[in-house]
Amino acid sequence: MRRSFPSSAISRDLLVAGMVFSGMLSGCDREPAPSPAETAQAAVRAATLRPADERLAALYDHSCRACHANAQANAPLTGDRVAWLSRLKKGNPELVQNVVTGFNGMPPGGQCFTCTTADFEALIAFMSNKDMP
């Protein structure tokens with residue numbers, strides 16, 4: 001004897017299973033949010049960092065520092081490797097394109113009207129501690 005199930009029960013079960021699975025996946029590949037103390041420490045550190053190259057330091061001071069050394073700006077802080085990891089995974093071409101065109105709250109060019117592509121790459125590497133193992 002063949003048993004039939006109401007299609008609405010099967011649909012509901014599939015919908016619930018899909019929602020549970022989706023909820024499980026939504027936490028994947030996310031870094032835990034930093035504590036307020038960690039954010040404050042990162043902001044203090046960001047405020048003290050400056051590129052060694054004077055030309056690059058001048059560009060950073062004029063264009064990047066206002067947001068990337070200020071936790072309230074919601075930009076990844078300079079020197080905060082964890083905050084930069086998900087961005088670095090996108091690759092340099094996409095990061096530079098985001099700077100050039102503007103992204104989220106960042107204005108086009110990051111307000112650096114004299115920066116070249118090489119400058120943007122160097123500034124991203126500095127701010128993200130890209131060379132750090």
Side-chain angles (χ1 to χ4, degrees):
M1 177 175 184
R2 185 176 157 184
R3 196 171 168 181
S4 67
F5 294 97
S7 62
S8 63
I10 292 172
S11 296
R12 184 190 69 234
D13 290 346
L14 287 173
L15 177 64
V16 169
M19 290 171 60
V20 168
F21 184 68
S22 175
M24 290 177 359
L25 286 179
S26 68
C28 291
D29 200 32
R30 286 193 181 164
E31 298 293 327
S35 71
E38 291 170 325
T39 300
Q41 287 175 338
V44 168
R45 182 168 185 249
T48 64
L49 295 175
R50 195 164 187 262
D53 177 84
E54 281 305 314
R55 181 180 168 283
L56 199 62
L59 293 173
Y60 173 78
D61 287 343
H62 184 263
S63 302
C64 308
R65 181 183 292 276
C67 295
H68 291 281
N70 175 3
Q72 278 66 42
N74 291 323
L77 293 171
T78 298
D80 186 351
R81 179 76 172 170
V82 173
W84 281 92
L85 282 177
S86 62
R87 292 159 177 89
L88 292 171
K89 288 179 184 176
K90 295 177 182 180
N92 234 23
E94 186 171 337
L95 286 173
V96 170
Q97 184 61 33
N98 287 343
V99 174
V100 169
T101 61
F103 187 75
N104 290 336
M106 183 173 56
Q111 294 292 352
C112 186
F113 304 109
T114 59
C115 285
T116 65
T117 299
D119 292 332
F120 289 136
E121 290 171 347
L123 288 163
I124 289 167
F126 163 72
M127 290 188 290
S128 67
N129 280 329
K130 192 174 183 178
D131 298 330
M132 188 177 91

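The heavy-atom pair separating A57 from P51 by the smallest distance is CB-O, 3.5 Å. Heavy atoms only, all atoms of each residue included: R81 and N129 are closest at NH1-O, 3.0 Å. Minimum interatomic distance between A58 and R50 (heavy atoms only, all atoms of both residues): N-NH2, 4.4 Å.
We find the CG-CG distance between L95 and L123 to be 12.5 Å, quoted to the nearest 0.5 Å. Note that the CG atom of D61 and the CG atom of L56 stand 10.0 Å from one another [nearest 0.5 Å]. Atom CD1 of I124 sits about 8.5 Å away from atom CG of N98, to the nearest 0.5 Å.
At a threshold of 4.5 Å between side-chain heavy atoms, the hydrophobic network of Ile, Leu, Val, Met, Phe, Trp and Tyr places M127 and V100 in one connected group. No chain of hydrophobic side-chain contacts below 4.5 Å, direct or via other Ile, Leu, Val, Met, Phe, Trp or Tyr residues, connects L77 to M106.
Partners of C115 under the disulfide bond (SG atoms under 2.5 Å apart) rule, at least two apart in sequence or in another chain, are C112.
Applying the ring pair (Phe, Tyr, Trp, His ring centres under 6.0 Å) test to residues at least two apart or on different chains, the pairs with a partner in residues 60-96 are Y60-F126, H68-W84.
Of the possible donor and acceptor atoms, one in the side chain of D119 sits under 3.5 Å from a partner among the backbone N and O of T116. With hydrogens and angles ignored, the 3.5 Å screen pairs no side-chain donor or acceptor of R65 with any backbone N or O of N70.
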**OP:** Please step through side chain to side chain contact (heavy atoms under 4.5 Å, CB included) for the pair S128 and R87, ending with a clear verdict.
**Re:** CA-CA 9 Å; S128 67; R87 292 159 177 89; over 6 Å; no
